Amino acid sequence: MSKVMNFKTVPLRELVLKGIAAQTGQQKPVVLVVDDERVIANSPELLLTDVAMPGMNGIDLAIAVRKAIPECRVLLFSGQATTAGLLADAHEAGHDFTTLQKPLHPKELLVRISETLEVTAARKESVCV
């Protein structure tokens, strides 16, 4: 994939959202913004993706995102044994990703996301010191 991908993540707690919580019943809406304008797009700290998907598998997506955003952490999840070959091929090509097996309880997923982001934060702090 030769096209540069740009991503924007916006901390919604910093936005004034008039009436959104009342309309949806959610306190924090989740928004994915995909845009090719650098002025709009920021880099995500974490990519969480399924491995087996139509069109582009999650490993190819992870490789493309890491190529564009090397500091982005990646968590893959899969419930299919057939993805082992894809993961082995990626590992042989020098890509090392953490893979979570489905089914995965939401609490365990949140723990793994937190752990991954904590490692990222620790690395950023050590670089800035």
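If you're wondering where the values come from, they're calculated on a predicted model, not measured in any experiment.
Between Leu86 and Val51, the closest side-chain pair of non-hydrogen atoms falls below 4.5 Å.
Checking each of Leu100, Thr98, Leu87, Asp50 against Leu76 for a side chain to side chain contact (heavy atoms under 4.5 Å, CB included) leaves exactly one that passes, namely Leu87.
Scanning both residues, Asn57 and Met53, for their nearest heavy atoms gives C-CE, 4.1 Å. Closest approach of His91 and Asp96 over heavy atoms only: ND1-OD1, 3.8 Å.
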message = Between Thr99 and Gln101, does the side-chain contact (heavy atoms from CB on, under 4.5 Å) criterion hold? Intermediate values first, please.
response = CA-CA 7 Å; Thr99 306; Gln101 294 299 312; 3.8 Å; yes
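Distance check: His105 NE2 to Leu110 CG gives 9.5 Å after rounding to the nearest 0.5 Å. One finds the SG atom of Cys72 at 15.5 Å from the NZ atom of Lys67 (value rounded to the nearest 0.5 Å). Taken to the nearest 0.5 Å, the CZ atom of Arg112 stands 12.5 Å off from the CG atom of Leu117. Residue Ile113 holds its CD1 atom at 13.5 Å from CZ of Arg73, rounded to the nearest 0.5 Å. From Leu109, atom CG reaches atom NZ of Lys102 across 11.0 Å, with rounding to the nearest 0.5 Å. Going from atom CG of Leu75 over to atom CZ of Phe97 covers 11.0 Å, rounded to the nearest 0.5 Å.
In the hydrophobic cluster analysis, where Ile, Leu, Val, Met, Phe, Trp and Tyr join through side-chain heavy atoms closer than 4.5 angstrom, Leu47 is grouped apart from Val111.
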